[in-house]
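Counting begins at 1 with the first residue of the sequence.
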Amino acid sequence: MKKFFIHCAVALCCATFATQAQAQFNIKKAVGGAAKVVQATTLTDAQMAAYVKEYIDWMDKHNQVCAEDDPYTLRLKKLTQGLTEVEGIPLNFKVYYVIDVNAFACADGSVRVFSSLMDIMSDEELLGVIGHEVGHVAHKDSKKAFRTALLTSALKDGISSKGGKAAALTDSQLGNLGEALVNASYSQKQERNADDYGYEFLKKNGKNPWSMALSFRKLKQMQEDAGAKKDSKLNQLFSTHPDLDARIKRMEERATVEGVAKP
């Protein structure tokens with residue numbers, strides 16, 4: 001998520017799994033550079049998909065997921081009604097009952113929203129967050145970020161596989177992967193494209209695209225309230241490139257030109 005989400009995420013997990021994420025990576029068997037080159041070139045899409053599933057399953061296990069009848073879950077379900085897929089990738093939504101203010105999306109379409117973020121954002125603002133992250137999934141930014149994090153952190157001691165099946169990751173490896181995703185960042189172009197895609201995605205699915213600008217405005221307010229400290233956790237929610245003022249202006253001007261009614 002310098003991005004809003006693991007991306008990620010990408011994008012993002014903050015301190016919700018601090019024990020695992022802070023665990024030291026234990027390299028039991030040293031490998032040379034040649035092995036790492038082979039590793040990078042032989043990681044298949046099937047292996048990637050398996051690792052993404054393992055990661056999100058691990059995240060769901062190590063964070064408190066709100067029950068189906070929980071008010072947070074019911075609110076998110078109502079909010080995301082009709083948002084079923086993006087570029088053929090099925091979307092699935094869950095709420096983590098945690099104190100951190102965050103959310104993230106994975107390359108497989110898993111979107112996780114934190115309860116504390118829902119506490120401080122309106123429905124429209126939350127939709128803007130979701131729209132932006134869905135944009136990263138659609139453009140495969142989340143997949144690329146995950147692959148990079150996987151190869152440079154969790155699997156830095158090499159892949160062990162049989163018959164093309166990827167080896168399961170340890171808790172320590174999953175923790176390293178989470179940290180790498182948190183620290184990952186997107187380019188200015190990727191951020192702008194994700195904003196534009198999110199706008200169109202919401203509009204196409206019957207949601208008000210003003211949500212994009214509203215979510216950025218809320219984040220800007222949050223940053224200002226926090227003193228806009230560079231190391232603030234809030235600054236992990238969205239990339240600072242391009243800056244929020246520019247992103248707000250782009251989205252507001254687009255909605256105004258198109259005659260979309262502001263919520």
Quiz prompt | Which residues share a side-chain hydrogen bond (donor to acceptor under 3.5 Å, both in side chains) with Glu258, sequence neighbours left out | solution =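 With sequence neighbours excluded, Glu258 shows a side-chain hydrogen bond (donor to acceptor under 3.5 Å, both in side chains) to Tyr199, Lys203, Arg254, given in chain and number order.
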Across all chains, not counting sequence neighbours, the side-chain hydrogen bond (donor to acceptor under 3.5 Å, both in side chains) partners of Asn193 are none
Using salt bridge (Lys or Arg N to Asp or Glu O under 4.0 Å) as the criterion, list what pairs up with [X], not counting sequence neighbours.
{"X": "Lys249", "result": "none"}
{"X": "Lys53", "result": "Asp57"}
{"X": "Asp119", "result": "none"}

Check your understanding: Heavy atoms, side chains only, cut-off 4.5 Å: are Thr256 and Trp210 in contact?
Key -> yes
Discussion item. Quick one, Val101 and Met222 - any side-chain contact, counting heavy atoms below 4.5 Å?
Written reply: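 Yes, their side chains come closer than 4.5 Å.
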Basic-acidic side-chain contact under 4.0 Å: [X], [Y]:
{"X": "Lys78", "Y": "Asp123", "value": "no"}
{"X": "Lys61", "Y": "Asp171", "value": "no"}
{"X": "Glu87", "Y": "Lys140", "value": "no"}

Any idea how Tyr72 and Tyr97 line up, ring-wise: parallel (<30°), tilted (30 to 60°), or perpendicular (>60°)?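 Rings of Tyr72 and Tyr97: tilted, as their planes differ by 30° to 60°.
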Does the plane of the ring in His136 sit parallel, tilted or perpendicular to the ring in His132? Use 30° and 60° as the thresholds.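 Ring orientation of His136 relative to His132: perpendicular.
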Value for OG (Ser110) from CZ (Phe93), rounded to nearest 0.5 Å, stands at 10.0 Å
Requested in this report: Report the C-alpha separation of Lys143 and Asp45 in whole Å, then their side-chain angles, then the decisive distance to 0.1 Å, and conclude whether the side chain to side chain contact (heavy atoms under 4.5 Å, CB included) test is met.
Outcome: CA-CA 10 Å; Lys143 181 178 180 179; Asp45 284 345; 3.5 Å; yes
Side-chain atoms of residues 79-86: list all donor-acceptor pairs with protein atoms under 3.5 Å, sequence neighbours left out, distances to 0.1 Å.
residue	atom	partner	partner atom	Å
Thr80	OG1	Leu76	O	2.7

